[in-house]
Structures are given as structure tokens and as C-alpha cells.
K.L.:
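First the structure, then my questions, so here it is.
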2 protein chains.
Amino acid sequence: MSNGQKNQDYDAGSQPRTTGKKTYHHGDLRAALIEATRQLVEEKGPDSFSVSDACRLAGVSTAAPYKHFKNKTEMLVAAVLEGMLRHRSRMLAALEGIPEGSPERVTAIGMEYVSFALREPGIFSLKFGGFTDRIADPRLEEGGQQSFNILLTEIAKCLDEPGITEEVRRRGFLLWSFVHGLSFILREQGLAEKGQEFDLHDLLEDVARRMLN
Amino acid sequence: MSNGQKNQDYDAGSQPRTTGKKTYHHGDLRAALIEATRQLVEEKGPDSFSVSDACRLAGVSTAAPYKHFKNKTEMLVAAVLEGMLRHRSRMLAALEGIPEGSPERVTAIGMEYVSFALREPGIFSLKFGGFTDRIADPRLEEGGQQSFNILLTEIAKCLDEPGITEEVRRRGFLLWSFVHGLSFILREQGLAEKGQEFDLHDLLEDVARRMLN
DNA sequence: TAACATATGTTAGAGATGCTAACTTTATGA
DNA sequence: TCATAAAGTTAGCATCTCTAACATATGTTA
């Protein structure tokens, strides 16, 4: 943005079809635009994001994105979907090494949920914070459901229930609400402000204990 | 919006300076614009809100608002502040008639919190859902703190603590997080979707019990 | 290999928006 | 009463989203 370079290599992990440096075609503009979107959403906030900015960052004209996305919303959706993939894989990674059936696994999921909100507040806001009509995409709902199912599975094991029963669903709903709200509040004001100096892990353990009996 | 009337009387509870009908001056354009903003934010969503729309709805030119508000954000802030006033007074009204020290008072606060999110999802989103930079106004923070203090006072009475102690603050933080998250989730998907058919009052009572011991 | 089809860029521009400048009309109060 | 301030208006600039028409690269097939 601050330099005027054009067509810089921005592949973000995908293989460009040409190895050349300044071709007419970009190589993988779609991925580059998603990465630019992610970056701008975090830097300036979702509300200030503009397609034009992303184009400047990726070094293409302002009409280029419309070969890859239907409109601005579709660009944002793509960035959010990418973020959810990262989110889910980190969640699963956080579970490794913790014994099955341990409430600590539920705590770990919560920790990772909050971490995501703090690490990528812009993407988090886009996914969860907006008005219903903002981004209503079935793929987003499905992704959220998948994450939720990971939590339900852990709760079922903790409660020794035979699968995802009504009671598991209820506890999951309560825990999810809590972690969700906690993420919003912490993203807004941090842990140590206004005389609240709680340890995050303590809080989550406390709540997990209360909710799992 | 659907009719082409201009300068319709839109006073929204404030006394216009003239009783006339079609004056050059509006009477109380500021209040009319705030009401128009509120209405549009609920109808089309906060992201689709435009100053121009509000002007059309209030029947004035697109430059008129800038005599009353610094910019678009200030208009939204004004609408949110008004919403928070309504919210707080309903919260206090909900407490009337419930005996002091009863956990039911905490439940009532939660009910009212969730109700607000469902009744005015647009304003709720603007206040809580946005990116940190979206609307960062000290008046909004102060208003939120006031509502939070109402909750803390009730919790202190329930726990028989001598005022707002560290423990009260901790429980309040947990409860607030829960209700906050619950509001977001319900606003997005409702209570009865996806096989979740819980009774709202039951849920809140359950959580209040768990959190207040 | 030539030539066509398709994918992926570009420039130009329409229409909407946020906001400012300069002007006009009404209200206020010395 | 009349100057001044408050609160409207029109005109217009810069920017934004998105489309149309055109240009260039890629790759498939005769």
C-alpha cells in the first residue's frame, strides 16, 4: 500500500501458473485478494474495508476482483471462510495431548475460541458480530455448526452420555453462549481493564466445572 | 419513504418550536433524524444504513444532517445512545415487584437483556457487535458500565456480600458474558432452530443458579 | 502449429454516497 | 428593528461499487 509496486508476488501459498514476475495475468489473484481482504479487515476494521483498497494492495485494477467474486460481500465471505478453516484446525490441534473425557478438553476449546477472537478480531466480527443480513451464507453457518459439534462431542464424553443427547445439547448451548460472550467482551475491553484482572484459563475452568456439574 | 411527503411532522416526542406544518425549518430535525436512523438500522441493517436514506425518510436535503451531527458515525452513536436509555429503563422496570435479594432479579435482568437484542437487533449490533474502531465513544462505554453496575448490585445482594467485592465482580463478569453471548446467538438463529428448543427463562434460571452457587 | 475459445486482466463510466462550501431563509434578542 | 446566529438549501468533489466493452494470455483441438 505504501509502495507503488504492481503485480508483486502475493501467492499466499498457492502455486502461480507462471514463474515470471510481471505478467499480465496475476497467477493467483483470487488467493491474493482474499489475503489482502483479511489483512485490511484486521488493519482498518470490517466497516472501513473497501474493494478498492484490496485492489491497491494486490496491485490490480478495481475491476479485477469481479472476475473472481460476485461482489464485495462475496470477497468478505471468502476471507471469513478461510479464517474459519484456520480456527477449526487450531481448535483440533489444541486438543491433542489432552486425555479423552477430561474437562480440560472443553476448557482448551474455549481458550482457542477466545484466542481467535483476540488474534483476528476483524474476521471474528464479520462472522459473528454483524447484523443478520450482513453476511448470510449457508457455508458460514455450516462451518460454525462443525465447530459447535466438536464441542458437543467433548461434552458428551465428559458427561458420559451415549452421544449427543438433549442434555449434552443444552449444556453445549450454555457453554457456547458463555465463551461467545466472553470473546466479545474481551475483544472490546481486554482482561485487565476496569479493575477486572482475571486469569482467562481460570475463568474458563471455573465455568466448565459449573456447567459440567 | 414510500410516499413523497416532505416536512412531515416527525417530532418523536419533542416539542417543535413552530406548530406550523410546512415551515422551512423542521422543528426538531435532530430528533427526527435519530428516529429515522433507528428505523432504518432495524429495517435494512446497520451496514446498509446511509445518511441519504435517513434524509429521504425525514424529508430533508442530504446536507441537512451535518448541521446537527459531525458525520455519519455521530448519527449512529446518537441512535445507539437513545436505544441504551430505553434499554436501561426497561431493565429497571423489569425489577419492580420482585423481592430484593432474590435470584429471580438476576434472571429478570438477563431476560430483559436478551429481549433487547431480539427487539432491536440493529441497535444491539451497533453497540456490541462491531469492530472496536467502529463506534468508540466514551458515552457508549459509560452507558454500558451503568447497566453492568445494576447487575453487580443485584448479585451482591444475592450473595449477601457487603457491596461490590472482587467475588461479586467475578460472578458478574461470568454472568454478563453468558447473557451477552446468548443474546448474539439467539439474535442469529432463534431459540427453536436446529433442534434446540429450550425455554429462555429456564435457561437463564439454570445459569443464574449455577453461577450464584 | 494455427486458430479459436476461454479465462483473466484493463480502461471508461454510471450511479450512489459522505461531506464541504456557499448561499438562503427563519428565529432570536439587544 | 435589525444584525446575527441557527438551520435549512443547492451544487459539487472525491470516492466507492459494479458493469460494459475491450485486450491479452492460456490451452485445446484440428
Side-chain angles (χ1 to χ4, degrees), chain A residues 1 5-11 14-34 36-37 40-41 44-78 134-135, chain B residues 1 5-11 14-34 36-37 40-41 44-78 134-135:
Chain A
M1 219 189 81
Q5 280 186 341
K6 302 250 170 182
N7 276 326
Q8 45 194 306
D9 258 357
Y10 224 107
D11 51 13
S14 53
Q15 54 283 61
R17 290 178 202 166
T18 70
T19 53
K21 288 165 192 178
K22 282 192 158 203
T23 55
Y24 187 90
H25 285 343
H26 183 283
D28 194 351
L29 181 57
R30 187 185 153 84
L33 284 173
I34 289 176
T37 300
L40 288 169
V41 159
K44 321 252 181 181
D47 297 325
S48 307
F49 170 77
S50 74
V51 176
S52 317
D53 272 347
C55 291
R56 277 186 281 277
L57 189 52
V60 293
S61 73
T62 59
Y66 298 94
K67 299 293 178 186
H68 299 275
F69 306 95
K70 206 181 102 198
N71 52 32
K72 178 180 176 175
T73 298
E74 284 287 313
M75 274 180 78
L76 289 169
V77 166
R134 187 183 215 166
I135 299 182
Chain B
M1 218 190 83
Q5 281 187 339
K6 303 250 169 181
N7 276 325
Q8 46 196 303
D9 257 356
Y10 224 108
D11 51 15
S14 54
Q15 55 285 62
R17 290 177 203 167
T18 70
T19 54
K21 288 165 191 180
K22 282 194 154 200
T23 54
Y24 187 90
H25 285 342
H26 183 283
D28 195 350
L29 181 56
R30 185 185 154 86
L33 284 172
I34 290 177
T37 300
L40 289 169
V41 158
K44 322 253 182 180
D47 297 326
S48 306
F49 170 77
S50 74
V51 177
S52 318
D53 273 347
C55 290
R56 275 187 281 277
L57 189 50
V60 292
S61 73
T62 59
Y66 298 94
K67 299 291 181 188
H68 299 276
F69 306 95
K70 207 180 101 198
N71 51 32
K72 178 180 177 176
T73 299
E74 284 288 313
M75 274 178 79
L76 290 169
V77 165
R134 186 181 215 168
I135 298 183

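Quick caveat: nothing in here was measured; it's all calculated off a predicted structure. Numbers restart at 1 for each chain; the letters A, B, ... are given by sequence-line order, proteins then strands.
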K.L.:
Using every non-hydrogen atom in the two residues, find where A/Pro65 and A/Cys55 come nearest and quote the distance to one decimal.
P.N.:
CG-SG, 3.3 Å
K.L.:
Return the value, rounded to whole Å, for the distance between atom CZ of B/Phe69 and atom P of D/dA6.
P.N.:
17 Å
K.L.:
Side chain of B/Tyr66 only, please: which of C/dT20, C/dT10, D/dG8 is the nearest?
P.N.:
C/dT20
K.L.:
According to a strict under-4.0 Å criterion, is A/Thr62 in side-chain N/O contact with OP1 or OP2 of D/dC16?
P.N.:
no
K.L.:
Find out whether B/Asp47 and A/Asp47 are in side-chain contact, i.e. whether some heavy atom of one side chain is under 4.5 Å from a heavy atom of the other.
P.N.:
yes
K.L.:
Are the side chain of B/Lys72 and the backbone N or O of B/Phe49 linked by a donor-acceptor pair below 3.5 Å?
P.N.:
yes
K.L.:
Which nucleotide, C/dT10, D/dT9, D/dC16, lies nearest any side-chain atom of A/Val60?
P.N.:
C/dT10
K.L.:
At under 4.0 Å, does any side-chain N or O of A/Arg56 touch on OP1 or OP2 of D/dC16?
P.N.:
yes
K.L.:
Between D/dT17 atom P and B/Asp47 atom CG, what is the distance in whole Å?
P.N.:
13 Å
K.L.:
Can you tell me the distance, in whole Å, between the CG atom of B/Asp28 and the P atom of C/dA27?
P.N.:
14 Å
K.L.:
State whether B/Ser50 places a side-chain N or O below 4.0 Å from either non-bridging phosphate oxygen (OP1 or OP2) of C/dT17.
P.N.:
yes
K.L.:
B/Asp53 CG to C/dT17 P: how many Å, rounded?
P.N.:
6 Å
K.L.:
Just how far, in rounded Å, is C1' of D/dC18 from CD of A/Glu74?
P.N.:
14 Å
K.L.:
Could you report the tightest heavy-atom contact between A/Leu29 and A/Ala64, atom names first, then the distance?
P.N.:
CD2-CB, 3.8 Å
K.L.:
Could you tell me how far apart B/Leu33 (CG) and C/dG18 (P) are, to the nearest whole angstrom?
P.N.:
13 Å
K.L.:
Do the side chains of B/Tyr66 and B/Val51 get nearer than 4.5 Å, heavy atoms only?
P.N.:
yes
K.L.:
Would you kindly check whether a donor in the side chain of A/Lys67 faces an acceptor in the base of C/dG9, or vice versa, at under 3.5 angstrom?
P.N.:
yes
K.L.:
Tell me which nucleotide among C/dT10, D/dT17, C/dG18 gets nearest to the side chain of B/Lys72.
P.N.:
C/dG18
K.L.:
Which nucleotide in the list D/dC16, C/dT8, C/dA21 gets nearest to the side chain of A/His68?
P.N.:
C/dT8
K.L.:
Looking only at the side chain of A/Ser61 (C-beta and beyond, no hydrogens), which of the listed nucleotides D/dA11, D/dG8, C/dT10 gets closest?
P.N.:
C/dT10
